[in-house]
Protein chains: 2
Amino acid sequence: MSNQTKYKLSFKIWLEHRGKPLIGKGGAQILEQIEKERSISRAAKNLGMSYRYVWSYIKKVERTLGSPIVKTYKGGRRGGGGAKLTNFGKELLEEYRRVECLLNKALAETK
Amino acid sequence: MSNQTKYKLSFKIWLEHRGKPLIGKGGAQILEQIEKERSISRAAKNLGMSYRYVWSYIKKVERTLGSPIVKTYKGGRRGGGGAKLTNFGKELLEEYRRVECLLNKALAETK
DNA sequence: CCTCGTTGTGTCTTCGTATTCATATCGAAT
DNA sequence: ATTCGATATGAATACGAAGACACAACGAGG
């Protein structure tokens, strides 16, 4: 008896730079939420992550890349500050979405 | 400026059963070595893993699957014991190799 | 019945990752 | 000038995965 259909094929993909991880599914969600919410703290809350973790993630990527992916603002009575993706950050997110989509198609055919 | 080529796409694939991981690249290497060496301890040594780790991996998979994937023997002055894959274990390994190969082909075309 | 190499298992340590907490800083709006 | 919500950051803690160590159990063959 064959078990071709018994097991589910799962996968993870991510982009690397100089051997270091840049962005995977979680990172993509973070960047997406920051773009949508214009705030690191709200992005973190929406994703059920700690602010500390999201902030650290951003810094880690920026250290690896050598360029900022998020531009932040401080202060302001209404809002208190905020954040948005840099063009660089947007490109990174788009590139991830692109390869993710390609791989999904490839997997669908593999089915 | 686009960064299509700046980042390296990396990925991991594995098979799951009821949402739990069964076998990925590492697991496949373990099963392969066990089949080749007819011994868990030699397989572990060849792979640079601890016996404990390899043994635990096997047990975890068997708990998830509800069936043994490795048959073991104890005792004997010459050999002292040994192990080999059950038919079930062989099928699992083959199934992993199959999807791995398919995915590699799909990715090569996607490139 | 003794030996030897392997299986089987508990425990402790290490280590990377993620969470929590606490606190300082900023600055536009009021 | 005061306020308020967000950014920024250190430190302590928690947690799970993996490795290191130690040792008991087994049993075919000599």
Side-chain angles (χ1 to χ4, degrees), chain A residues 10 12 14 16 19-31 33-64 67-86 89, chain B residues 10 12 14 16 19-31 33-64 67-86 89:
Chain A
S10 299
K12 256 188 196 178
W14 65 94
E16 287 184 356
K20 291 183 180 174
L22 277 185
I23 182 174
K25 191 179 172 190
Q29 287 180 331
I30 288 174
L31 295 192
Q33 281 292 319
I34 289 175
E35 185 68 356
K36 181 187 163 202
E37 295 286 347
R38 301 265 155 177
S39 154
I40 295 177
S41 59
R42 281 198 298 276
K45 176 169 281 191
N46 286 356
L47 294 169
M49 301 172 180
S50 64
Y51 173 87
R52 191 71 169 87
Y53 174 74
V54 171
W55 185 86
S56 302
Y57 166 75
I58 294 166
K59 287 304 160 190
K60 192 188 65 176
V61 172
E62 292 183 339
R63 264 200 314 277
T64 299
S67 312
I69 58 172
V70 173
K71 165 81 175 157
T72 60
Y73 309 89
K74 281 167 132 187
R77 182 163 194 177
R78 178 176 130 261
K84 64 175 213 170
L85 299 189
T86 63
Chain B
S10 299
K12 266 187 191 177
W14 66 93
E16 287 185 356
K20 292 183 180 174
L22 277 184
I23 182 174
K25 193 179 171 189
Q29 287 179 330
I30 287 174
L31 295 193
Q33 282 291 321
I34 288 175
E35 185 67 356
K36 182 186 163 203
E37 295 287 347
R38 300 268 155 176
S39 153
I40 295 177
S41 60
R42 280 198 298 275
K45 175 169 282 190
N46 286 357
L47 294 169
M49 302 172 179
S50 65
Y51 174 87
R52 189 74 167 86
Y53 175 74
V54 171
W55 185 87
S56 301
Y57 166 75
I58 295 166
K59 287 304 160 190
K60 191 188 66 176
V61 172
E62 293 183 339
R63 263 200 314 277
T64 299
S67 312
I69 59 172
V70 173
K71 165 82 176 156
T72 59
Y73 310 87
K74 282 168 132 185
R77 182 161 194 178
R78 179 176 127 261
K84 63 176 215 170
L85 298 188
T86 63

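Counting to the nearest Å, the P atom of D:dA18 and the CD1 atom of B:Ile58 are 15 Å from each other. Following rounding to the nearest Å, A:Glu62 (CD) and D:dT7 (P) show an atom-to-atom distance of 13 Å. Across the protein-nucleic acid pair, B:Arg38 atom CZ and C:dG5 atom P stand 21 Å apart, rounded to whole Å. Rounding to whole angstrom units, OH of residue B:Tyr51 and C1' of C:dT6 are separated by 7 Å. Residue A:Tyr73 contributes atom OH, which lies 18 Å from atom C1' of C:dT25 at whole-angstrom precision. As a whole-Å value, the separation of B:Lys84 NZ from C:dT6 C1' is 17 Å. Whole-Å rounding puts the B:Lys71 NZ to C:dT7 C1' distance at 12 Å. Atom P of nucleotide D:dT7 and atom CH2 of A:Trp55 are separated by 12 Å, given to the nearest angstrom.
The phosphate of C:dT19 (OP1 or OP2) has no side-chain N or O of A:Tyr53 nearer than 4.0 angstrom. OP1 or OP2 of C:dT7 has at least one side-chain nitrogen or oxygen of B:Ser39 nearer than 4.0 Å.
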Starting from the C-alpha separation in whole Å, work towards a yes-or-no answer on side chain to side chain contact (heavy atoms under 4.5 Å, CB included) for B:Ile23 and B:Val61. CA-CA 8 Å; B:Ile23 182 174; B:Val61 172; 6.0 Å; no
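One N or O on the side chain of A:Glu62 and one on the backbone of A:Val70 form a donor-acceptor pair closer than 3.5 Å.
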Would you tabulate the nitrogen or oxygen pairs shorter than 3.5 Å linking the protein to nucleotides 26-28 of chain D?
unit_1 : atom_1 : unit_2  : atom_2 : d
D:dC26 : O2     : B:Gly75 : N      : 3.4
D:dG27 : N2     : B:Gly76 : N      : 3.2
D:dG27 : N2     : B:Gly76 : O      : 3.3
D:dG27 : N3     : B:Gly76 : N      : 3.1
D:dA28 : N3     : B:Arg77 : N      : 2.8

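Between the OG atom in A:Ser50 and the OH atom in A:Tyr57 there is a gap of 14.5 Å [rounded to 0.5 Å]. The structure places NZ of B:Lys12 at 5.5 Å from CH2 of A:Trp14, a figure rounded to the nearest 0.5 Å. Atom NZ of residue A:Lys84 and atom CZ of residue A:Arg38 lie 5.5 Å apart, to the nearest 0.5 angstrom. Summarising the geometry, atom CG belonging to A:Leu22 is positioned 10.5 Å from atom NZ belonging to A:Lys20; distances are rounded to the nearest 0.5 Å.
Each of A:Ala83 and A:Arg52 was assigned the nucleotide of DNA chain D with the nearest heavy atom; the assignment lying further toward the 5' end belongs to A:Ala83.
For the contact set between residues 41-50 of chain B and DNA chain D, defined by any heavy atom under 4.0 Å, there are no members.
Exactly one residue among A:Ile69, A:Asn46, A:Ile58, A:Thr72 makes a side-chain contact (heavy atoms from CB on, under 4.5 Å) with A:Ile34. That residue is A:Ile58.
Contact detail for A:Lys71 and A:Thr86: the closest heavy-atom pair is N-CG2, 3.9 Å.
In this structure, the side chains of B:Val54 and B:Gln33 stay at 4.5 Å or more apart for every pair of heavy atoms.
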